[in-house]
Enquirer: 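Can you read through this structure? Questions will come right after.
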Amino acid sequence: MTDTRLMHTVGVRALEWLWAHRDGFRLEPDVDPEVGFLERFKPVGELALICRVLFREGVAGSRQADLARRLLDHTWRHTLDGGRMLVRGQRIEPLSPIPFEVYLPYKELGYSEPEVERATVLYHRLDSWAALELDPTRRLGLSAFQRRFGLTPRIAEADIVGSTWLGRTPEPWTVSGHIAYDVTHTVFHLTDWGEHPEGLPPHIADYLATWLPVWIDDWLDLERWDLLGELLVVDACLPRPTLDERAWQSFAAAQQPDGAMPAVRTMPEGEPDEVFDMIYHPTLVAAFASVLATSRSLAELTHATP
């Protein structure tokens, strides 16, 4: 099993980098709404999700917890203008799930924008909300978010699982990069981002226990650090995680001294904003994998102690 300190250190470094580059979490308020005003919301929502996991698991040190809270405060107050940018996003694209998906983890962490909540309840009543043409994994995530918000999902999660690639447990050697990301997010949604490993149906948990180690080896050899990080998160979401030592050592070695994690092989070059956009996600994933794996490792150590 991997050294718990190594996994924990990956997360500490990742948060240091994210805080140092917090201005990269930026919107483009002057962009033409027809060409994607909501596209820049994705990094902000992902940051809030990962910080929520960090606080939930309770394994962060004081420095990590402080940085996570400061990142949340910064993005809520400055990037999202206290939630008003989410209101604007809902007005521009009333049926887009993006403002709702970004808002939910902030709400769960104590932030509030009543107008977003009123609009969410209203849109949820519309048949058009249920009719949105989303791929099964995205639809599963939206239903899970509706449940967490306190709404009855328009389409029950149990009715969607079988439509996902992972739910069908197909030939494991057909996994490509795109499919692998669908696999990881199906697991995230079914387990509420690692909170409930028992949320995985037994046949899916057994399938992953058999084939996840193979996929981890494959993407480790390809040095696909972003995808490898998500697969390490999936491992930590399983009822019996492996916390693969070789994979974690290589993952930690790929991380830069300042905490940045490249997406593929080595660090990219370019203008600061361009580099941020290329590596913020693998760095967030590194923080996510770190906190879940550290939590699982500590739990195993506790259970092993007489």
Side-chain angles (χ1 to χ4, degrees), residues 1-2 7 46 49-50 53 56-57 134-148 153 155-251 264 281-282 285-286 288-297 299-300 303:
M1 187 174 71
T2 308
M7 295 185 293
E46 291 168 336
L49 276 169
I50 303 316
V53 173
R56 183 193 76 208
E57 293 297 321
L134 306 174
D135 68 67
T137 302
R138 182 73 183 281
R139 173 62 69 183
L140 178 66
L142 182 56
S143 289
F145 272 43
Q146 289 170 338
R147 167 177 51 79
R148 284 167 48 189
I155 304 177
E157 293 161 84
D159 295 337
I160 305 171
V161 178
S163 300
T164 66
W165 189 95
L166 181 60
R168 296 169 187 249
T169 60
E171 300 83 0
W173 55 87
T174 62
V175 171
S176 62
H178 178 74
I179 292 173
Y181 280 109
D182 284 340
V183 166
T184 62
H185 282 72
T186 299
V187 173
F188 299 164
H189 299 318
L190 288 173
T191 64
D192 280 337
W193 299 80
E195 185 173 7
H196 300 293
E198 70 278 6
L200 285 176
H203 76 286
I204 291 180
D206 290 344
Y207 179 80
L208 289 170
T210 301
W211 295 111
L212 181 61
V214 179
W215 297 336
I216 286 176
D217 281 346
D218 282 348
W219 273 288
L220 171 56
D221 290 343
L222 292 171
E223 298 183 346
R224 292 276 300 273
W225 307 120
D226 185 69
L227 183 49
L228 176 63
E230 292 210 4
L231 293 172
L232 292 175
V233 174
V234 170
D235 176 58
C237 290
L238 295 180
R240 294 177 296 279
T242 65
L243 307 179
D244 185 278
E245 183 173 7
R246 173 175 173 261
W248 267 104
Q249 287 180 344
S250 298
F251 190 61
V264 181
H281 188 267
V285 168
F288 187 14
S290 167
V291 68
L292 269 191
T294 299
S295 180
R296 302 301 179 264
S297 178
E300 288 191 8
H303 293 153

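Quick note: residue numbers are just sequence positions, from 1.
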Enquirer: With no hydrogens and no angle check, is any side-chain donor or acceptor of D235 less than 3.5 Å from a backbone partner on L243?
Expert: yes
Enquirer: So, for R296 and P241, which heavy atoms are closest and what is the spacing to 0.1 Å?
Expert: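 That closest heavy-atom pairing would be CB-CG, 4.1 Å.
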Enquirer: Is it true that a side-chain atom of S290 and a backbone atom of M7 form a donor plus acceptor pair closer than 3.5 Å?
Expert: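 Here the side-chain-to-backbone pair exists.
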Enquirer: Could you walk me through whether L212 and V183 pass side chain to side chain contact (heavy atoms under 4.5 Å, CB included), step by step?
Expert: CA-CA 10 Å; L212 181 61; V183 166; over 6 Å; no
Enquirer: Are the side chains of D226 and Y181 in contact, using a 4.5 Å heavy-atom criterion?
Expert: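 They are in contact (side-chain heavy atoms under 4.5 Å apart), so the answer is yes.
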Enquirer: R138 versus L142: any side-chain heavy-atom pair under 4.5 Å?
Expert: no
Enquirer: Please evaluate residues E46 and F288 with respect to the criterion side chain to side chain contact (heavy atoms under 4.5 Å, CB included), reporting the C-alpha separation (whole Å), side-chain torsions for both, the decisive distance (0.1 Å), and the verdict.
Expert: CA-CA 10 Å; E46 291 168 336; F288 187 14; over 6 Å; no
Enquirer: How far apart are the closest heavy atoms of L232 and A289, and which atoms are they?
Expert: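 Distance-wise, the nearest heavy atoms are CB-CB, 4.3 Å.
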Enquirer: Whether the side chain of S250 engages the backbone of R246 through a donor-acceptor N/O pair (distance < 3.5 Å, no angle test) should be reported.
Expert: yes
Enquirer: Please report the interatomic distance CG(L208) to NE2(H203), rounded to the nearest 0.5 Å.
Expert: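 Atom-to-atom, L208:CG and H203:NE2 are 9.5 Å apart.
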Enquirer: Quick one: CD1 on I155 to CG on D159, what's the gap to the nearest 0.5 Å?
Expert: 8.5 Å
Enquirer: Would you sort out whether R139 and D182 count as a salt bridge (charged side-chain N to carboxylate O under 4.0 Å, His left out), showing the intermediate values?
Expert: CA-CA 12 Å; R139 173 62 69 183; D182 284 340; over 6 Å; no
Enquirer: Would you mind reporting whether L292 and R56 have side-chain heavy atoms less than 4.5 Å apart?
Expert: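 Answer yes - side chains close enough.
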Enquirer: Between S297 and A293, is there a donor-acceptor pair closer than 3.5 Å when you use the side chain of the first and the backbone of the second?
Expert: no
Enquirer: Taking C-beta and beyond as the side chain, do V233 and C237 meet within less than 4.5 Å on heavy atoms?
Expert: yes
Enquirer: Taking only residues two or more places apart in sequence or in another chain, which ones pass salt bridge (charged side-chain N to carboxylate O under 4.0 Å, His left out) with R147?
Expert: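 For R147, the residues satisfying salt bridge (charged side-chain N to carboxylate O under 4.0 Å, His left out) (neighbours in sequence not counted) are E157, D192.
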Enquirer: Is any side-chain heavy atom of L220 less than 4.5 Å from a side-chain heavy atom of L231?
Expert: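 The answer is no; the side chains never approach within 4.5 Å.
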Enquirer: Given side chains that start at C-beta, do those of W193 and R148 come closer than 4.5 Å, heavy atoms only?
Expert: yes
Enquirer: With a 4.5 Å cut-off on side-chain heavy atoms, are T184 and W215 touching?
Expert: no
Enquirer: Under 6.0 Å from the CH2 atom of W165, do we count more than 12 heavy atoms belonging to anything else shown?
Expert: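 Correct, the count exceeds 12.
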Enquirer: Report, as yes or no, whether the 6.0 Å neighbourhood of atom NE2 on H178 holds more than 12 heavy atoms from other residues, nucleotides or ligands.
Expert: no
Enquirer: Check for a donor-acceptor pair, side chain of Y207 on one end and backbone N or O of P170 on the other, with a separation under 3.5 Å.
Expert: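 Yes; judged by distance alone, with no hydrogens or angles, the pair exists.
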Enquirer: Taking salt bridge (charged side-chain N to carboxylate O under 4.0 Å, His left out) as the test, write out the residues that go with D206, two or more places apart.
Expert: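 Here no residue qualifies.
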Enquirer: Roughly how far apart are L222 CG and L227 CG, rounded to 0.5 Å?
Expert: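 L222 atom CG to L227 atom CG measures 9.5 Å (nearest 0.5 Å).
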Enquirer: If you take all heavy atoms of E57 and S295, which pair is closest and at what distance?
Expert: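 Heavy atoms of E57 and S295 come nearest at OE1-OG, 2.6 Å.
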Enquirer: Is the side chain of S143 donor-acceptor paired with the backbone N or O of L140 at a distance under 3.5 Å, no angle test?
Expert: no
Enquirer: What is the minimum heavy-atom distance between T191 and P197, and which atoms define it?
Expert: CG2-CA, 4.1 Å
Enquirer: Please name all residues satisfying salt bridge (charged side-chain N to carboxylate O under 4.0 Å, His left out) with R224, sequence neighbours left out, ordered by chain then number.
Expert: none
Enquirer: Could you tell me which non-hydrogen atom of P136 sits nearest to which non-hydrogen atom of I160, and how far apart they are?
Expert: O-CG2, 3.4 Å
Enquirer: Say whether, by atom type as modelled, one donor and one acceptor occur between the side chain of T164 and the main chain of V161 under 3.5 angstrom.
Expert: yes
Enquirer: Can you tell me how far the OG1 atom of T242 sits from the CH2 atom of W248, to the nearest 0.5 Å?
Expert: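 Interatomic distance, T242 OG1 to W248 CH2, rounded to 0.5 Å: 11.0 Å.
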